[in-house]
Each structure stands twice: as structure tokens, then as C-alpha cells.
Amino acid sequence: MREAFRNPRHLLEFLQLPDPEKFKENEFSMLVTKSFAKRMEKSYDDPLLKQVLPDAKEEDTRSDFIKDPLKEFSTPYKNSPNILQKYQKRALLITSNACAINCRYCFRRHFPYKLHRPKNIEQAISEIGMDSTINEIILSGGDPLLLDDASLKTIFNQISTIKTIKTIRIHTRLPIVLPQRISEGLIDVLKLVNQKLVVVVHTNHPNELNHETKRAFTCLKNCDAWLLNQSVLLKGINDDGQILIDLSEKLFDQAVLPYYLHLPDKVANTSHFFVNIKEGQKIHKEMQAGLPGYLLPNLIKEIPGQPSKTIMSA
Ligand SMILES: *Cc1c(COP(=O)(O)O)cnc(C)c1O
Ligand code: SF4
């Protein structure tokens with residue numbers, strides 16, 4: 001993380017792009033790991049660069065794009081911070097308030113992470129333990145794998161005292177953006193997990209996958225983890241049937257199954273990435289025609305108040 005790019009000018013110089021002043025910073029700072037930057041092509045049109053480079057278009061303030069379209073700021077579970085529960089049987093734990101990359105389109109870009117402190121995690125897990133209807137804990141954030149191995153071990157140990165929890169799910173982008181994080185130490189910790197282990201990563205474009213991500217996934221597989229991917233459908237990045245077909249096939253080469261393809265949420269400052277439902281359905285149909293059923297992700301949208309994510313395929 002010390003090597004990560006935090007200054008857009010440095011990133012653009014690293015990529016040897018002309019006019020390195022071609023960015024527009026704002027309060028959501030740039031952050032991108034060197035490993036991810038090395039997978040970029042030297043072009044302003046690069047689909048990886050577009051995911052992370054601050055852009056003047058973010059200043060667009062369309063009134064239908066708001067800070068909390070998913071109504072997450074005001075729906076804590078019981079009285080405990082750090083827990084979001086929207087659906088039956090599974091509770092999401094905010095374990096970390098940071099990511100290893102700042103995705104410009106992030107749906108939690110405006111999330112009040114300050115209210116969810118790492119020191120509350122122990123309390124939050126015991127709160128979840130008191131509700132026997134919950135059988136799955138989702139570690140999310142931010143990125144839970146930014147916690148150190150000892151903190152993760154403490155969390156897993158505490159969860160293992162709750163008999164009703166059958167599955168631990170980790171939502172992380174680190175196997176993609178910082179594959180070195182899948183280290184021997186982390187593997188040792190994950191091998192101690194007794195519950196079913198599911199790792200859901202986040203990849204949007206086939207160029208994000210290389211030999212480093214493959215090594216990371218192989219290690220996770222060796223911990224008996226189920227590996228799934230979610231993508232966000234993003235204008236100018238992956239709003240193309242063939243790109244997403246290639247992504248599904250490449251994920252499968254690395255032992256990961258496509259899970260969800262999210263239609264973007266109307267989050268403030270992200271309108272330039274927006275893809276509407278009709279366009280999304282058309283792209284999804286092209287994918288369906290070009291892939292075996294098991295490599296087709298569900299096209300979904302989150303509609304606040306619904307008992308699950310909503311499947312939107314035509
Ligand atoms: C999306 C989400 C989940 C996971 O839903 P699945 O359909 O099981 O993947 C769980 N909790 C929260 C708060 C979510 O936003
Ligand atoms: S990794 Fe996920 S939570 Fe983190 S910035 Fe990207 S989209 Fe947001």
C-alpha cells in the first residue's frame with residue numbers, strides 16, 4: 001500500500017501519458033495500487049485507468065443522482081453500528097473503512113464510514129450471534145482483507161463461537177488489485193476457518209486478470225474457498241457483450257464463477273458511468289447467447305426495501 005499511487009499526476013507519468021494535468025481532483029481521493037496500474041495500457045481510454053482516474057465529469061450534479069440511493073446510511077441493524085442487514089439469514093459486517101483502490105463509480109463513495117469503527121466489530125459480532133436466524137456473515141467494508149492477519153484471525157475465532165453461523169463470506173477486491181495480499185500468512189489464517197468459506201471478488205474487465213491474480217485464486221482455492229465474481233456494468237468500460245463474455249471465460253480460467261452483474265446505482269458524482277436497464281438487458285442477452293449457462297452472471301439491481309437483489313434480465 002505504501003507504493004500505491006495517490007497523486008494522479010504520478011500515475012499518468014508512470015503510464016507515460018501526455019498532458020499529465022488531464023485530471024480533475026475532488027474530495028474522493030485517487031488511490032490505485034502499482035500492481036493494478038501495471039496492467040493498464042498507455043492510453044486515456046484504458047478501461048482500468050478510467051475506473052480510477054478522477055475526472056471533471058464527476059462534477060455533474062444531476063438531481064436524480066444522490067448520495068444514498070440504496071438507503072444504507074440510515075438502516076443499521078438493531079443498535080449496533082458496523083452491521084447492515086437488509087436480507088434474511090445474512091448480515092453484512094463493515095470490517096474496514098478503506099479499500100486498496102478507490103473506484104470512481106463506487107456505490108459506497110459517500111458512505112459514512114466514520115460511524116463504523118473497527119473497535120465496534122467485537123460488539124457487532126456478538127450482536128449477530130444473538131440472532132439465531134442469521135447463518136451467514138459477510139465481511140465487507142471497505143475491504144476486509146486490508147485488516148492484518150491477526151485481526152482477521154480474531155474475527156474468525158469469535159465467529160466460530162456462534163454455532164448458527166454456517167458460512168463466512170468475504171467481499172474483497174484485493175485478489176485483483178493487490179494479489180500479493182494473498183500471502184502465506186493469510187492462507188494459514190483462512191485454512192483455520194471451519195465454516196464454509198465464500199470469497200466474492202470484484203472484476204469489471206478481462207484486462208484486470210493476469211498471472212498474479214491467478215496465483216491468488218489458486219491459493220484461495222487451496223483453502224477450500226468458493227470463488228465468485230461481481231461486476232458493475234459501466235459505460236465506456238465494459239458496456240459491451242463481447243468484453244463481458246471474455247471476462248466470464250477468463251474468470252473461469254482462474255477458477256472463479258461469475259455471480260452478479262450489477263446495473264449501476266444512481267450515486268452522486270457517477271452519472272457518466274450510468275447504463276440504463278434497457279441497455280443492460282441487451283448486453284446481458286448477448287452474453288447469454290455467447291456463454292454456457294454456468295458462466296452467465298445474474299443481471300441485477302438493488303431496489304431499496306426489496307427482500308433481495310432484483311433480477312433484471314429480460
Ligand atoms: C447485496 C447485499 C448482501 C448479499 O446479497 P446476496 O444476494 O446474498 O449476494 C447482503 N447484505 C447486504 C446489506 C447487501 O447489500
Ligand atoms: S473496491 Fe468496492 S467498495 Fe472499494 S472503492 Fe471499489 S467499488 Fe467501492
Side-chain angles (χ1 to χ4, degrees), residues 1 3-26 28-60 99-107 109 143 172-181 201-217 229-251 253-254 256 258 261-262 264 267 269-275 279-280 283 286-287 297:
M1 288 309 297
E3 286 185 4
F5 290 101
R6 292 178 164 80
N7 180 329
R9 182 182 296 276
H10 295 164
L11 172 64
L12 295 172
E13 282 166 1
F14 173 77
L15 295 171
Q16 297 170 325
L17 282 170
D19 316 319
E21 61 285 352
K22 240 178 137 175
F23 59 87
K24 188 87 172 59
E25 276 192 288
N26 53 47
F28 186 48
S29 56
M30 192 198 78
L31 177 62
V32 56
T33 59
K34 202 159 220 175
S35 167
F36 194 76
K38 280 184 185 157
R39 286 168 243 166
M40 294 174 183
E41 281 159 21
K42 295 176 177 21
S43 155
Y44 279 102
D45 277 333
D46 179 74
L48 278 55
L49 179 61
K50 280 184 178 172
Q51 293 181 48
V52 299
L53 187 67
D55 192 309
K57 293 189 192 115
E58 291 173 35
E59 281 166 21
D60 178 19
C99 290
I101 184 171
N102 283 345
C103 311
R104 306 315 299 173
Y105 54 84
C106 180
F107 72 117
R109 174 176 174 141
D143 203 306
T172 176
R173 211 177 177 192
L174 287 208
I176 305 297
V177 301
L178 194 64
Q180 306 92 303
R181 176 66 187 97
V201 297
H202 168 187
T203 322
N204 299 315
H205 192 281
N207 293 2
E208 292 172 45
L209 300 170
N210 68 0
H211 62 281
E212 292 178 76
T213 60
K214 184 160 186 163
R215 185 207 62 87
F217 289 132
N229 179 65
Q230 41 189 350
S231 307
V232 187
L233 192 52
L234 298 165
K235 191 164 166 183
I237 292 174
N238 63 5
D239 57 336
D240 176 286
Q242 192 55 50
I243 289 175
L244 289 169
I245 289 170
D246 292 346
L247 175 61
S248 278
E249 290 175 343
K250 212 161 162 186
L251 284 164
D253 285 341
Q254 305 206 354
V256 183
L261 175 60
H262 294 261
V267 178
N269 312 101
T270 70
S271 64
H272 52 300
F273 290 118
F274 194 71
V275 178
E279 292 164 331
I283 292 165
E286 283 168 38
M287 292 172 72

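What you see below is based on every heavy atom in this structure, not just the backbone, and it leaves out hydrogens, waters and symmetry mates. Note that the structure is a prediction, hence the values are computed from the model and not measured.
Rounded to the nearest 0.5 Å, atoms CZ (Phe23) and CD (Glu21) are 8.0 Å apart. Atoms CG and SG, on Leu174 and Cys99 in that order, are 8.0 Å from each other to the nearest 0.5 Å. Interatomic distance, CD1 of Ile245 versus CE of Met287, reported as 7.0 Å (0.5 Å rounding). Put simply, CZ on Phe273 and SG on Cys106 are 11.0 Å apart, with the number rounded to the nearest 0.5 Å. Atom NZ in Lys235 sits 9.0 Å away from atom OG in Ser271 (nearest 0.5 Å).
When all heavy atoms are compared, the tightest approach of Leu49 to Tyr44 is CD2-CA, 4.0 Å. The minimum heavy-atom distance between Val275 and Leu234, with the atom names listed, is CG2-C, 3.9 Å. Between Tyr105 and Asn204, the shortest heavy-atom contact is OH-ND2, 2.8 Å. Asp46 and Leu48 get closest at one heavy-atom pair: OD2-N, 2.9 Å.
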If you look only at distance, which donor and acceptor atoms sit under 3.5 Å apart when one is on a side chain in residues 5-17 and the other is two or more places apart or in another chain?
unit_1, atom_1, unit_2, atom_2, d
Arg6, NH1, Met1, O, 3.1
Asn7, OD1, Arg9, N, 2.8

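For the side chain to side chain contact (heavy atoms under 4.5 Å, CB included) test, residues two or more places apart in sequence or in another chain that qualify with Ser35 are Thr33, Arg39, Pro179, Gln180, Glu212. Shown here are the salt bridge (charged side-chain N to carboxylate O under 4.0 Å, His left out) partners of Glu59, two or more places apart in sequence or in another chain: Lys24. Residues satisfying the side chain to side chain contact (heavy atoms under 4.5 Å, CB included) criterion with Pro206, sequence neighbours excluded, are Ile243, Asp246, Leu247, Lys250. Qualifying side chain to side chain contact (heavy atoms under 4.5 Å, CB included) partners for Glu286, counting only residues two or more places apart in sequence or in other chains: Lys282. Among residues two or more places apart in sequence or in another chain, the side chain to side chain contact (heavy atoms under 4.5 Å, CB included) test is passed with Asn269 by Glu58, Arg109, His110.
When side chains are defined from C-beta on, Ser29 counts as touching Asn102, because their heavy atoms get closer than 4.5 Å. Contact annotation: the side chain of Val32 approaches that of Met40 to within less than 4.5 Å [non-hydrogen atoms, C-beta and beyond]. Pro175 has its side chain within reach of Phe217: a pair of non-hydrogen atoms, C-beta onward, lies under 4.5 Å apart. Using a 4.5 Å heavy-atom threshold, the side chains of His262 and Gln230 count as touching. Here the side chains of Ser231 and Asn229 are in contact, with some heavy-atom distance below 4.5 Å. With a 4.5 Å cut-off on side-chain heavy atoms, Leu31 and Ile101 do not count as touching.
Counting non-hydrogen atoms of neighbouring residues, nucleotides and ligands closer than 6.0 angstrom, the CD atom of Glu3 reaches no more than 12 such neighbours. Under a cut-off of 6.0 angstrom, the local environment of CD in Glu279 is crowded, with over 12 non-hydrogen atoms contributed by other residues, nucleotides or ligands.
No side-chain donor-acceptor contact under 3.5 Å links Asn238 to the backbone of His205.
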Under the side chain to side chain donor-acceptor pair (under 3.5 Å) rule, what do Arg104 and Asn26 come out as? Steps first, then yes or no, please. CA-CA 11 Å; Arg104 306 315 299 173; Asn26 53 47; 3.2 Å; yes

Report the C-alpha separation of Val177 and Asp143 in whole Å, then their side-chain angles, then the decisive distance to 0.1 Å, and conclude whether the side chain to side chain contact (heavy atoms under 4.5 Å, CB included) test is met. CA-CA 11 Å; Val177 301; Asp143 203 306; 5.9 Å; no

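Thr213 pairs in a side chain to side chain contact (heavy atoms under 4.5 Å, CB included) with only one of the listed residues (Thr203, Ile176, Leu251), which is Ile176.
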